[in-house]
Every structure is written in structure tokens, then in C-alpha cells.
Amino acid sequence: MDKARLQALAIRQGGLFTRAQARACGCSAYQVRRRLVAGEWHRVLGPVYSARPVQLTAHLRDTAALLVVPWAVLAGPSAARRLGIRVPDAGTYLWIGDGRRVDLPGVTYLRAPLSPRDRWPAGDTVVTAVGRTVFDCLLALPEADALRLLDEALRERWISLGELAARVRAHAGRPGAPRLVALMRHVASGARSDAERRAVALLRAARISGWSANYRIEDAQGHLVAVGDLVFPAARLVVELDGRSFHATADRF
């Protein structure tokens with residue numbers, strides 16, 4: 001077995017290598033089994049191994065899955081992690097398209113069409129573009145987490161309501177479509193947090209009008225001064241509903 005070659009491969013791949021790579025380096029099927037039984041090698045995910053014990057983090061699981069399915073595109077929560085978007089660990093998500101069958105524990109495969117503009121390079125990996133990533137996460141995450149992500153995505157302009165609506169229309173008839181429609185209803189008022197949506201519902205129930213959610217407040221030259229959570233322009237009244245935790249940064253707060 002060419003140990004030096006296999007070690008070089010593992011170093012480039014974050015300490016991981018596949019059974020196929022070990023065989024290509026001259027390791028027989030018997031030698032693979034013997035090293036696993038003896039504890040010289042450790043199974044990470046399916047046919048992906050490491051020469052030392054490792055903790056299976058979400059990032060490592062994503063990396064291992066890509067070694068098995070190198071043509072795949074990281075999608076959903078996996079793409080979000082690579083793009084720096086904080087999401088709960090809902091497993092590894094790979095887009096593999098139609099007609100391919102792969103089976104790895106803890107990996108979910110997406111097959112809905114993926115346009116070229118929805119593929120982004122991220123280092124030596126390809127991930128779904130941020131708008132498609134947010135959309136796929138809305139289907140993958142628990143409902144409360146999905147709603148929190150949608151609030152943040154709209155606030156940070158990772159996706160617009162127009163883009164979201166277009167993606168929801170294109171998804172009609174597929175699994176998860178009713179949930180997407182419900183999420184759209186939540187944010188249709190323009191409110192960007194649960195507190196704002198509750199306030200909007202109370203105002204509407206009381207038939208109070210003359211307000212706008214997330215209203216741009218500008219100076220005489222048309223420069224943006226602030227965005228008010230709920231604003232009654234005629235009365236020059238601004239109602240702020242969220243604290244620093246929602247506004248994320250000291251500047252925004």
C-alpha cells in the first residue's frame with residue numbers, strides 16, 4: 001500500500017479518505033477491514049474513514065458526504081453553514097438532481113431543478129446561492145426556526161419577498177408547498193419579527209389604520225435616517241418593538 005500517497009490525500013481532505021481511495025493506493029479489501037477492526041482507521045460516514053478518532057461535527061459530516069458524492073452541491077442547512085448563516089444542525093443536505101441513487105446515513109438529497117445561477121463556488125466546494133439556500137432551509141428546518149431564519153433573511157436582504165414569492169410559485173404541488181404559503185402569510189404585512197406581526201394583527205383587529213410596517217424615515221435630502229418598526233407618518237409617530245437582540249448590531253440598534 002502506498003501509505004504516503006494516502007496520507008497526502010487525507011491531508012488535502014481534512015484528514016478524511018474513502019474506501020475507494022484506499023483501494024486505489026493499493027490497500028486490499030481485507031486490509032481495509034483489518035485496519036477498521038484493529039482501530040487503526042475509524043469510520044466517519046459510510047465508506048469515509050479517518051486515521052484517527054474524530055468528532056463528527058456538522059461541517060465534517062458535510063465534507064465526508066461530498067467525498068462520496070463529489071458531483072453534489074451543498075444545499076439547505078449545509079450550504080447555509082458554508083455561507084456563514086447560523087442554522088440548527090438538521091443534518092447534511094446535498095443537491096444531486098434526478099436519476100442518481102445514493103444512500104448515506106444522516107444525509108438528505110434534494111432533486112428539484114437547480115438553475116446555473118443558483119450554484120455558487122465556496123472555496124473548493126459548490127453550494128447553492130444564498131436565495132436558494134434560504135428557500136431550501138425554510139422547507140428543511142422546524143417551523144419556528146424557519147420563521148426566524150426568514151425574518152433574518154429579509155432583514156439582511158439575503159432574499160426579497162419578490163424572489164421568495166417566485167420560488168414559492170415554482171414549488172407549487174411539491175412537498176412542503178403549504179408550509180411555504182403559511183410562511184409567506186406571516187411576512188406579507190411587511191413585519192419582520194414575531195413581535196411586529198403580533199402588533200400588526202392587533203392593529204388590524206382594532207381597525208386602526210394609517211400605519212406602515214418597516215417604514216423608511218428619511219431626512220429632507222432623501223437620505224435614510226432609520227427604518228421604523230411601525231410608523232404613523234401623518235401623526236409623526238414611531239413605534240419600536242424590538243430590542244438589541246433583534247437589531248443584531250450596535251449600529252442598527
Side-chain angles (χ1 to χ4, degrees), residues 58 62 72-97 108-123 125-198 200 212-216 224 226-230 241-242 245-249 251-253:
D62 294 345
V73 177
L74 278 181
S78 295
R81 288 189 284 270
R82 293 295 173 100
L83 294 170
I85 300 172
R86 290 177 298 175
V87 294
D89 183 3
T92 290
Y93 278 72
L94 299 179
W95 180 89
I96 61 172
T108 300
Y109 302 100
L110 304 184
R111 300 181 183 276
L114 186 70
S115 69
R117 68 176 180 276
D118 275 341
R119 300 169 184 249
W120 276 14
T125 303
V126 178
V127 304
T128 50
V130 65
R132 175 62 183 263
T133 296
V134 169
F135 179 80
D136 288 336
C137 284
L138 297 182
L139 291 166
L141 297 176
E143 188 170 348
D145 293 319
L147 188 53
R148 280 193 290 270
L149 173 62
L150 182 53
D151 284 335
E152 185 179 9
L154 291 169
R155 186 173 74 244
E156 299 296 336
R157 298 183 181 180
W158 296 334
I159 194 170
S160 66
L161 274 175
E163 179 185 349
L164 178 60
R167 291 187 182 276
V168 170
R169 285 195 298 271
H171 195 78
R174 292 178 176 270
R179 167 195 268 218
L180 293 170
V181 172
L183 289 171
M184 284 289 295
R185 289 198 185 111
H186 273 297
V187 299
S189 66
R192 293 292 182 264
S193 76
D194 188 52
E196 290 177 26
R197 284 188 287 272
R198 288 169 184 256
V200 165
S212 293
N214 285 279
Y215 183 86
R216 287 175 60 90
L224 178 67
V227 177
D229 290 342
L230 287 171
L241 292 159
D242 304 302
S245 61
F246 180 79
H247 288 292
T249 65
D251 276 353
R252 184 167 288 151
F253 182 63

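For the numbers below, each heavy atom of this structure counts, side chains included, while hydrogens, waters and symmetry mates do not. Note that the coordinates shown come from a computational prediction; the quantities given were computed from them, not determined experimentally.
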Worked check of side chain to side chain contact (heavy atoms under 4.5 Å, CB included) between L110 and L94: CA-CA 6 Å; L110 304 184; L94 299 179; over 6 Å; no

Say whether, by atom type as modelled, one donor and one acceptor occur between the side chain of [X] and the main chain of [Y] under 3.5 angstrom.
X	Y	answer
S78	Y93	yes
R111	G97	yes
S212	Y215	no
T133	A129	yes

Should R167 and D118 be marked as a side chain to side chain contact (heavy atoms under 4.5 Å, CB included) after you check the CA-CA gap, both sets of side-chain angles, and the distance that decides it? CA-CA 12 Å; R167 291 187 182 276; D118 275 341; 2.9 Å; yes

In sequence, state the C-alpha distance, the side-chain angles, and the governing distance for F135 and H171, and then conclude on side chain to side chain contact (heavy atoms under 4.5 Å, CB included). CA-CA 10 Å; F135 179 80; H171 195 78; 3.8 Å; yes

Rounded at 0.5 Å granularity, tell me how far [atom1] in [X] sits from [atom2] in [Y].
X	Y	atom1	atom2	value
D89	L141	CG	CG	10.5 Å
R119	L114	CZ	CG	5.0 Å
L161	L150	CG	CG	7.5 Å
D62	T125	CG	OG1	9.5 Å
I159	L164	CD1	CG	5.0 Å
E152	I85	CD	CD1	7.5 Å

Before giving the answer on side chain to side chain contact (heavy atoms under 4.5 Å, CB included), spell out for V130 and W120 the whole-Å C-alpha distance, their side-chain angles and the decisive distance to 0.1 Å. CA-CA 8 Å; V130 65; W120 276 14; 3.8 Å; yes

Any idea which heavy atoms bring P77 and P88 closest together, and the distance?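 Minimum heavy-atom separation between P77 and P88: CB-O, 4.4 Å.
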
Would you call D145-R148 a salt bridge at under 4.0 Å N-O?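 Yes, charged N to carboxylate O under 4.0 Å.
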
